[in-house]
**Q** 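First the structure, which I've put down as structure tokens, then a few questions once you've had a look.
All of these numbers come straight from a predicted model, not from anything done at the bench.
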Amino acid sequence: MTPTTVLAAAFPDQVDSDALTQNLLYILSSTAIILALLGLILIDSGLVRRQNVLSTSVQKLVGFTIGTLAFMVGGFALWNYQYYVALGVEGSLVQAFKDWWFGGALLRNYAHNIDPAVAPGVGNSQIFFAFLALYGGFVCALLHTSASERIRSAPYYVICAVVGGVLYPVLLWLTWGSTSPLTNAGLHDFVGAYTSYIFAGIFGLVLTIRLRPRVGLFPKPGQQTTWAPNSIPLAALGIVVLLFAAPLIVMGCGFIVPGEAFYGVSMTTSGLGLVYANVIISMVGGGVVGAVIAHSTRNPTHALLGPLAGYVANTTGFDVFQPWETLLVSATGPLVVLVVYNFVNRRGIDDAKVFPLACATIVGGLLVGLLAWGTPTGGYFGLDGAYGFQHAQITLWWQLIGVVVTVAVAALSAFALVSLLGTVMKLRVDEDDEVAGIDRIGWNPAAKSVDAAPQVGTSS
């Protein structure tokens, strides 16, 4: 036998023990997003009619993959553009796309063959390409939760392609990353809450209003509620899965400098240990307050949403909060959800999950501006001037500007896209099919939407 030839790495610093340890952390965080998708599928499978579980699960999974793939085309290149500008790379936008689009030079080559003088830590960046792409798919799945059991597959898949390929990358470039246009000025967002929870909540609100509520959820006076969830325990299991995935995802939202410190993605000085502790505190704090609200109102929904509300309210500030501040903010999350939950239900708006949680995220983001006011942020390692390391400061005003920009992008794009799609295709599932079972109509070739379907308003 001929001995195997072992080739030494051209640039061993790219694959030393420090680099590989960071690689593993980012891989774990990226994979946890898929676990979060499972959580959303379980939640919706428990909260739709039994005869619509299959279609709901398939739509969410397919939408996730479409959104992820759409981002991969050029979304990561656009996000990296901010750093190319900060580092003074000539022809920044073009070069960022040459390096980081789906077939880019830095994406298709092994890390140990790439000079660290050109792209230090390129292995982490390659993994982060997958991280941000999967997160884009998660945003699409979150949008589906606002419209589950009502939206048709074709328009939803188009929405996922546009969100994953255009809207999410643009908003990500604006609001997330240490040298993004808003972050470099002082906006702070640790987990990407502006591009995920706030965006999905506002976009989903526009979409669900257009689609109208599920049949039998808001009966007219004198009528009985005919809508019933499939399995509350299944939905509760989905929430547990989300809570399990959340701390793992959070660990990937920053920069690790071996022997020095952990920095949040906006370049705030922080620590992985404190970040993890804050995540757990947020869930526990929100869970306790949610439980009190649930027992006071005799509505178990708030016990289920409480831990999630505490978590999302803190997502912008896990890296800069002290534990007592995290507990304080986590207590506000379920209270905001309670107010918004009652608001949407009184008005017959069929989104008592994503939009209320988005509002809790907004309030938490503004509290970051108050509690962490003056904290150094923005810029990049080793730079001076406009992109100098930690040259900016967190303020309430920049947090508010971030909210306004995100809400505007989400609302205007949702209105335009939904209106356009509504003129060329049917958006909503037929109400008779919704009651009779979308699974039977959509996945049984012999079934017709008109055959033996019970009339709207009758018990399912």
**Q** Minimum heavy-atom separation for Val329 and Gly364, please, with both atom names.
**A** CG1-CA, 4.1 Å

**Q** Going from NZ on Lys353 to OG1 on Thr145, what distance comes out if it is rounded to the nearest 0.5 angstrom?
**A** 6.5 Å

**Q** Side chains of Ile362 and Thr406: does their closest heavy-atom pair fall under 4.5 Å?
**A** no

**Q** Heavy-atom distance under 4.5 Å between the side chains of Ile43 and Leu237, does that happen here?
**A** no

**Q** Just checking, is any N or O donor in the side chain of Asp44 or Thr56 under 3.5 Å from an acceptor N or O on the other one?
**A** no

**Q** If we ignore angles and hydrogens, is there a donor and acceptor under 3.5 Å between the side chains of Ser148 and Arg214?
**A** no

**Q** Nearest 0.5 Å please: distance from the CZ atom of Arg108 over to the CG atom of Asp99.
**A** 9.5 Å

**Q** In terms of side-chain heavy atoms, does Ser146 have a donor or acceptor partner in Thr208 at a distance below 3.5 Å?
**A** no

**Q** Using modelled atom types only, decide if a donor and an acceptor are shared between the side chain of Glu434 and the backbone of Arg428 within a distance under 3.5 Å.
**A** no

**Q** Test side chain to side chain donor-acceptor pair (under 3.5 Å) on Glu149 and Asn52 and set out the steps.
**A** CA-CA 7 Å; Glu149 210 171 11; Asn52 298 329; 2.8 Å; yes

**Q** Would you say Tyr276 has more than 12 foreign heavy atoms packed within less than 6.0 Å of its OH?
**A** no

**Q** Treating Lys60 as the side-chain partner and Ala141 as the backbone partner, does any N or O pair qualify as donor plus acceptor under 3.5 Å?
**A** yes

**Q** Does the side chain to side chain contact (heavy atoms under 4.5 Å, CB included) test come out yes or no for Val162 and Leu167, once each step is laid out?
**A** CA-CA 6 Å; Val162 175; Leu167 300 177; 4.2 Å; yes

**Q** Are Gln59 and Ser153 linked by a side-chain donor-acceptor pair shorter than 3.5 Å?
**A** yes

**Q** Can you tell me how far apart CZ (Phe355) and CD1 (Ile198) are? Round to the nearest 0.5 Å.
**A** 11.0 Å

**Q** Distance-only, no hydrogens or angles: does the Asp18 side chain make a donor-acceptor pair with backbone N or O of Pro258 under 3.5 Å?
**A** no

**Q** Can you confirm whether Phe255 sits close enough to Asn124 that some side-chain heavy atom of one is under 4.5 Å from a side-chain heavy atom of the other?
**A** no

**Q** Look at the aromatic rings of Phe129 and Phe102 and report parallel, tilted or perpendicular, splitting at 30° and 60°.
**A** tilted

**Q** Say whether, by atom type as modelled, one donor and one acceptor occur between the side chain of Asp189 and the main chain of Tyr194 under 3.5 angstrom.
**A** yes

**Q** Is the distance between the ring centroids of Phe131 and Tyr26 under 6.0 Å?
**A** no

**Q** Does Arg347 have more than 12 heavy atoms from other residues, nucleotides or ligands lying within 6.0 Å of its CZ?
**A** yes

**Q** Hey, could you give me the CD1/CD1 distance between Ile438 and Ile441, rounded to the nearest 0.5 Å?
**A** 9.5 Å

**Q** Could you tell me whether a side-chain N or O of Asp13 sits under 3.5 Å from a main-chain N or O of Pro116, the two making a donor and an acceptor?
**A** no

**Q** Could you tell me whether the side chain of Leu328 reaches within less than 4.5 Å of the side chain of Phe321, counting heavy atoms only?
**A** no

**Q** Can you name the nearest heavy-atom pair linking Val368 to His188, along with the distance?
**A** CG1-CD2, 4.0 Å

**Q** Has Trp373 got more than 12 heavy atoms of other residues, nucleotides or ligands less than 6.0 Å from its CH2?
**A** yes

**Q** Stepwise, does the salt bridge (charged side-chain N to carboxylate O under 4.0 Å, His left out) test hold for Arg440 with Asp433?
**A** CA-CA 9 Å; Arg440 181 177 66 87; Asp433 292 348; over 6 Å; no

**Q** Going through the distances and angles, do Arg49 and Asn230 end up as a side chain to side chain contact (heavy atoms under 4.5 Å, CB included)?
**A** CA-CA 5 Å; Arg49 289 181 170 92; Asn230 172 42; over 6 Å; no

**Q** Within the side chain of Tyr311, is there an N or O that forms a donor-acceptor pair under 3.5 Å with the backbone of Gly286?
**A** no

**Q** Evaluate the side chain to side chain contact (heavy atoms under 4.5 Å, CB included) criterion for residues Val58 and Trp443: first the C-alpha distance (whole Å), next the side-chain angles of each, then the deciding distance (0.1 Å), finally the verdict.
**A** CA-CA 11 Å; Val58 169; Trp443 299 101; 3.7 Å; yes

**Q** Indicate yes or no for a side-chain donor-acceptor contact from Asp439 to the backbone of Ser55 under 3.5 Å, with no hydrogens or angles considered.
**A** yes

**Q** Please tell me if the side chains of Thr31 and Leu35 come closer than 4.5 Å, counting only heavy atoms from C-beta onward.
**A** no

**Q** Donor-acceptor check, side chain of Ser282 to backbone of Val279, threshold 3.5 angstrom: yes or no?
**A** yes

**Q** Does CZ belonging to Phe415 count more than 12 external heavy atoms closer than 6.0 Å?
**A** no

**Q** Can you confirm if the aromatic rings of His302 and Tyr341 lie within a centre distance of less than 6.0 Å?
**A** yes

**Q** Any side-chain heavy atom of Leu248 sitting closer than 4.5 Å to one from Ser29?
**A** no

**Q** Any non-hydrogen side-chain atom of Asp351 less than 4.5 Å from a side-chain atom of Val344?
**A** no

**Q** Run the side chain to side chain donor-acceptor pair (under 3.5 Å) check on Asn278 and Thr326 step by step: do they pass?
**A** CA-CA 6 Å; Asn278 281 339; Thr326 300; 3.0 Å; yes

**Q** Quick one: are the ring centres of Phe71 and Tyr168 less than 6.0 Å apart?
**A** yes

**Q** Using the ring centroid of each side chain, check whether Tyr263 and Phe381 are separated by less than 6.0 Å.
**A** yes

**Q** From Thr195 OG1 over to Tyr135 OH, what is the distance, rounded to the nearest 0.5 angstrom?
**A** 6.0 Å

**Q** Does the pair Gln390 and Thr269 meet the rule for a side chain to side chain donor-acceptor pair (under 3.5 Å), with working shown?
**A** CA-CA 9 Å; Gln390 294 186 344; Thr269 303; 2.8 Å; yes

**Q** If you compare all heavy atoms of Ser413 against all heavy atoms of Phe199, which two are closest, and at what distance to 0.1 Å?
**A** OG-CE1, 4.3 Å

**Q** Going through the checks in order, is the side chain to side chain contact (heavy atoms under 4.5 Å, CB included) test met by Arg152 and Val429?
**A** CA-CA 6 Å; Arg152 287 178 174 271; Val429 171; 4.2 Å; yes

**Q** Between Asn314 (side chain) and Gly310 (backbone), is there a donor-acceptor pair under 3.5 Å?
**A** yes

**Q** With rounding to the nearest 0.5 angstrom, report the CE to CG distance, Met72 to Leu134.
**A** 6.0 Å

**Q** Given Val405, which partner from the list Leu182, Leu400, Leu187 fulfils the side-chain contact (heavy atoms from CB on, under 4.5 Å) test?
**A** Leu182

**Q** Hey, can you tell me if Phe76 and Trp79 have their rings parallel, tilted or perpendicular (30° and 60° cut-offs)?
**A** parallel

**Q** Less than 4.5 Å apart, any side-chain heavy atom of Val206 and any of Arg210?
**A** no

**Q** Could you go step by step and tell me if Thr183 and Ser266 meet the side chain to side chain donor-acceptor pair (under 3.5 Å) rule?
**A** CA-CA 7 Å; Thr183 305; Ser266 64; over 6 Å; no

**Q** Looking only at atom types and distance, does a side-chain atom of Ser178 sit under 3.5 Å from a main-chain N or O of Tyr380, one as donor and one as acceptor?
**A** no

